[in-house]
Amino acid sequence: MIPAKIDTMSITTISEKGVESIVDWFDQHKQSFYTLGWFYLRNQQQVEELFYRSIIKVHKELPRFKRETSFETWITSIFIHTCRELSYDRSLQVSEESEQHKDLFKALDQLKEYVKEAVVLTYIKGISKEETAHLLQVSMEKMKEHLFSGIQSLKKEMGYGSSFNGCKEYHKYYIDYLERSLDRTKKVDFEVHIYHCQGCQEDLGTFQDVMLTMLNLTERMEDFHVPSGFMENVKDRLAEKEKHRQQKNKKRKRIGLIFASVFALLMGIEVFTGSFTNLYYTYTEEDQQLRAFLQQDLGERLNLEAESNGVKIRIKSAIADDVQTLVFYEIEDTAQDNQYVIDYHEGVSVDNEHEIMSRETFPRYFPPDLKSDENNKDKNVYHGKISLLPLIKDNGTIKLKITKLQKLIRDSSDRNSFKAYQKMEYETGEWNFKIPVTKQPSIEYALDEETEVEGIPVRFDKLTIAPTATVLQFGINNKQPAKRIEVLNFDNLEVNNKKVKADMYGSTFMDSQQDMNWTTFQTHFGPLIGEKPKEVKVQFESVYLTFEDNKTIELDTTQEYPQTFEYAGSTISIDKLEVGQPTIIVISNHDIENRAYEVLNFNIVGKDENEPNSMEMNSEGVIVDKNGAEYDMNELPLSYEEIEQPRHFFTIQSIRIDGNNAGEKVIPKRLEIYGYNTTKYLDDIVKVSLE
């Protein structure tokens, strides 16, 4: 089970063949990764989503693979990070584990999350302690503490008792001694000690039994079958995604004969003053962002047009750099009053993507712009832009194919962008373009600044100023397990008194290999065309935190409910506990003023010490804005993006538990809370000097 190093030819082959080779690699290793994913998610649909996202991320980050670790370990680091992303809201997950593995999951679920990760990766996934420590971003000393703690807890679950009777100062030697990696001097000292110490002899014996049992779990995991059709489902989703790939942007080209006589005059002026470009595009291009690119000579107007089924697409221009390729387009419905948009993930592909485009990043997502003057002028015309992958060459021709458009539906009772977007329908056809592009240069600045956000170290590593975007690379040090940053959002970045807003969709995970204590992310901001900064001001917006705060509440079915308990400064009510077929538990806290948590992370443990095989969660909650105004999540009067500093508080969580067998009643024994998540809004500004 120890992962082997993948040879250079294998990496080259995977790089050349693209996502198909990565899918094949996952297919070959699906058993161990399926099992690993199940320890986080316990739901086949979510594990399928986990494979899908992981394959996409591996494909994206493959060019950054440094052969310092095994290929499997590198992929595992991406897989684990994706597991965590999908398992943040643990309370909403449905447990589906099979009867034969019930005891194993029950035993491991008693462990703290980071301890369970250490045990599962080391003894079930089969990764070395050194590489597991690297993956979990902990020191070897801390790694051994996690393993010791895990095995100590598992002793109780396996019937060996809950405590050690040996000498505490020798506990740290147990794992290394049994794995025959203990330093010789310490080994001699330890063996002399255990020869005379009965307590340490007994401890070491039971410790060895537990370790051997865990190591034998590798064989038991082979019985944990990957469902038939599992990888086929993942492949089908990837094939569908690959089908619709890229975007377009158009060229407007409506310059009348009225400009003909003026054109010659202005061209003459351009020779002497260089002012024609600015003046020309001021009058001929309505899109302000595209106008700025054209005025700075970062792209050119194009005259590309294609029509299918009465829908005409015009590519206005394409601006390329190291971050992305922006394609500006216009869509006109010549037969009816419909507006259509292009979605990178639906019906878009670049036929020559592998030849001319880089895979080191993802295209950015731009939601439909329903508020601009351009898109409210004509009912049958929509102006937009899409982001494609960046070029690997200085110039080239993008062979863009569009087979599906999304239809915007707007009516007087439904004006907010979120609802309009949700009601999109589709128009199919075929629109093909050959778009000439030239990659514009970017400037990178090394940063060396560190600050703290909610007591957690954050450092700034690099700033990239490209024509289409400004990219800030930063790291988060989540070495303290009691509190960690899951998402860090920025409000704006300021250079030379010019502010650019951050991408509303948050930060992108990059890498955690370079320094095991730091995880690297990127955030995109608007473009800083023509700016040469000496200092940068970065303003934070919000942080989404996970707090580990364990609490156990015993559940007594003989008592009357509601019952209350205190947690994280709040009084929480167990409104209902009804044992039956199914068993129903309802937990609530409607007092959201100054509440520390937004959502709880918990499990229910049954009378037989098992987490139920089937647990369904239904939740109710409210969105609360900066001023304390509350909104029903299902009936928002405006789009979510328009709510100022929104926080989503869960107020009621209803748990339905079904028995493993027909007619069986589940008797809950305790509620185990692991911690909670919350959002905090920030207004801190950090000044960063550029090198």
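Numbering of residues begins at 1 and proceeds along the displayed sequence. Worth knowing before you read on, the calculation uses all heavy atoms, side chains too, and leaves out hydrogens, waters and symmetry mates.
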Assess whether atom [atom1] of [X] is packed by more than 12 heavy atoms of other residues, nucleotides or ligands within 6.0 Å.
X	atom1	result
Glu141	CD	no
Lys551	NZ	yes
Glu560	CD	no

Kindly give the heavy-atom pair with the smallest separation between [X] and [Y], and that separation in Å.
X	Y	answer
Leu147	Ala118	CD2-O, 3.6 Å
Ile623	Pro646	CG2-CB, 3.9 Å
Glu598	Thr679	OE2-N, 2.6 Å

Check [Y] with [X], please: is the shortest side-chain N to carboxylate O separation under 4.0 Å?
X	Y	value
Glu593	Arg595	no
Glu644	Lys626	yes
Arg647	Asp625	no

Query raised in the report: With Asn589, which residues qualify under side chain to side chain donor-acceptor pair (under 3.5 Å), at least two apart?
Result: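 Scan of Asn589 (side chain to side chain donor-acceptor pair (under 3.5 Å), adjacent residues dropped) gives Tyr597.
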**Report entry** Donor-acceptor contact below 3.5 Å, side chain Lys483 vs main chain Glu454
**Finding:**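 Side chain of Lys483 to backbone of Glu454: a pair is present.
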Is it the case that [X] and [Y] place a side-chain donor and acceptor less than 3.5 Å from each other?
X	Y	value
Asp549	Tyr676	no
Glu620	Thr651	no
Asn618	Ser654	no

Query - Leu671 and its side chain to side chain contact (heavy atoms under 4.5 Å, CB included) partner, picked from Asn603, Ile585, Ile587 - result: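 For Leu671, the side chain to side chain contact (heavy atoms under 4.5 Å, CB included) test succeeds with only one of Asn603, Ile585, Ile587, which is Ile587.
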Is the closest side-chain heavy-atom distance between [X] and [Y] below 4.5 Å?
X	Y	answer
His29	Trp25	yes
Glu72	Phe33	yes
Val622	Ile592	yes

Report task. Give me the one residue out of Asn677, Thr678, Asn478 that meets side-chain hydrogen bond (donor to acceptor under 3.5 Å, both in side chains) with Thr546. Result ->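 The residue from Asn677, Thr678, Asn478 that satisfies side-chain hydrogen bond (donor to acceptor under 3.5 Å, both in side chains) with Thr546 turns out to be Asn677.
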